[in-house]
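Atoms within each ligand, like the ligands themselves, are counted from 1 in listed order.
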Amino acid sequence: MSLIEPFYTTLNHQEGRLQPTGQVIQRYLSQMKNMYLDEGAYNQIMADEEDRLIYEVFNAPDIPQVAGQILHCTTVIYPGRIGQEFHMTKGHFHAIRDRAEIYVGLNGEGYLLLMTDDGEAREIVLAPGVVAYIPPYWAHRTVNTGDQPFSFLSAWPGDAGHDYGSIETSGFAKLLIEQAGKVAIVDNPQYAR
Ligand code: M6P
Ligand code: ZN
């Protein structure tokens, strides 16, 4: 492993951003086609709004993506729903499955959903100050269940990688929806493992 310079970033708790930032990833609804259950609601939003920014990822600058390094970033998920389903991240397994991750809730209201390859599911309310541990082998997705931006800090091994394919193909076992004004966790009728 090559020697890189020590550095720090400053966390803006209110905005959920790291300063300075490296790569910023913006995910729009158009990049999440077929990930939300309600296809009619998806099409309606795409027709009315053209597209919608769902979340942004602010990576710490210039960390090599190799074993031994610790990548880290913040994520901000903007509030809203697609039909009954709350705005969420794509969700992923790590490409190297036995790599763990830590999330720290910063602002807003949201959930961390976890799932194994077998469709075993768990959830953690990622309130501000909550430090959640994502053990090796668990896929993870975050969901904004509030009406303000929901942000959290993440740190994970440099060689972990992202595997989006499994969730794009099979979906996530559980969905977070609004039901009669409340947050409900329900089985995903389209989940196929
Ligand atoms: C967290 C971390 C990142 C991830 C981001 C967005 O901050 O797990 O590695 O990129 O969430 O999630 P996703 O990549 O699933 O869209
Ligand atoms: Zn991850």
Q: Please determine if E123 and K174 form a salt bridge, counting it only when a charged side-chain N lies under 4.0 Å from a carboxylate O.
A: no
Q) So with a 6.0 Å cut-off around CD of E50, is the heavy-atom count from everything else above 12? A) no
(Q) How far is atom 5 (C) of ligand 1 from the closest protein heavy atom, and which atom is that? (A) T75 OG1, 3.7 Å
Q: Measure the CD1-CG distance between I77 and N144 for me, rounded to the nearest 0.5 Å.
A: 6.0 Å
Q. Among side-chain atoms of E178 and Q84, is any donor-acceptor pair under 3.5 angstrom?
A. no
Q: Tell me yes or no: between the side chains of H92 and H140, is some donor less than 3.5 Å from an acceptor?
A: yes
**Q.** Test applied, ring-ring contact (aromatic ring centres under 6.0 Å, His included); reference residue, Y103; option that passes from F152, W156, Y133
**A.** F152
Q) To which protein heavy atom is atom 14 (O) of ligand 1 closest, and what is the distance rounded to 0.1 Å? A) Y164 OH, 2.5 Å
Q. Quick one: does NZ or CZ of R52 land under 6.0 Å from the six-membered ring centre of Y36, within 45 degrees of the ring axis?
A. no
Q: Would you mind listing which atoms of ligand 1 come within a distance below 4.0 Å of any non-hydrogen atom of G91?
A: 15 (O)
Q.
Measuring from non-hydrogen atoms of R141 to any atom of ligand 1, is the shortest distance under 4.0 Å?
A. no
Q) Is the CD atom of Q65 crowded by more than 12 outside heavy atoms at less than 6.0 Å? A) no
**Q.** Shortest protein heavy-atom distance from atom 2 (C) of ligand 1, along with the residue and atom involved
**A.** E101 OE2, 3.1 Å
**Q.** For atom 10 (O) of ligand 1, the protein heavy atom that lies nearest, with its residue and separation
**A.** H162 NE2, 3.4 Å
Q: Verify, without hydrogens or angle tests, whether T75 (side chain) and S151 (backbone) share a donor-acceptor contact under 3.5 angstrom.
A: no
Q: Would you check the N or O atoms of H140, main chain and side chain alike, for any that come under 3.5 Å of an N or O of ligand 1?
A: no
Q. Hey, is the main chain of H13 close enough, under 3.5 Å, to the side chain of N107 for a donor-acceptor pair?
A. yes
Q. Would you say Y55 has any N or O atom under 3.5 Å from an N or O of ligand 1, going by distance alone?
A. yes
(Q) Under a 4.0 angstrom heavy-atom cut-off, which atoms of ligand 1 come close to C73? (A) 7 (O)
Q. Can an N or O of Y103 be found at a distance shorter than 3.5 Å from an N or O of ligand 1?
A. yes
(Q) Before moving on, can you tell me the angle at the Zn ion (ligand 2) between the OE1 atom of E101 and the NE2 atom of H140, to the nearest 10 degrees? (A) 90°
Q. Nearest to atom 1 (C) of ligand 1, what protein heavy atom do you find, and at what distance?
A. S154 OG, 3.2 Å
Q | Numbering as shown, the atoms of ligand 1 that approach W156 to under 4.0 Å (heavy-atom distance) | A | 3 (C), 9 (O)
**Q.** At the Zn ion (ligand 2): angle between H92 atom NE2 and H94 atom NE2, to 10 degrees
**A.** 120°
Q: Looking only at protein heavy atoms, identify the closest one to atom 12 (O) of ligand 1 and say how far it is in Å.
A: T89 CB, 3.7 Å
(Q) Within the 4.0 Å heavy-atom shell around F152, which atoms of ligand 1 are there? (A) 1 (C), 7 (O)
Q: Answer yes or no: is there a side-chain heavy-atom contact under 4.5 Å between L175 and M88?
A: no
Q.
Checking the N or O distance criterion of under 3.5 Å, is ligand 1 in contact with V57?
A. no
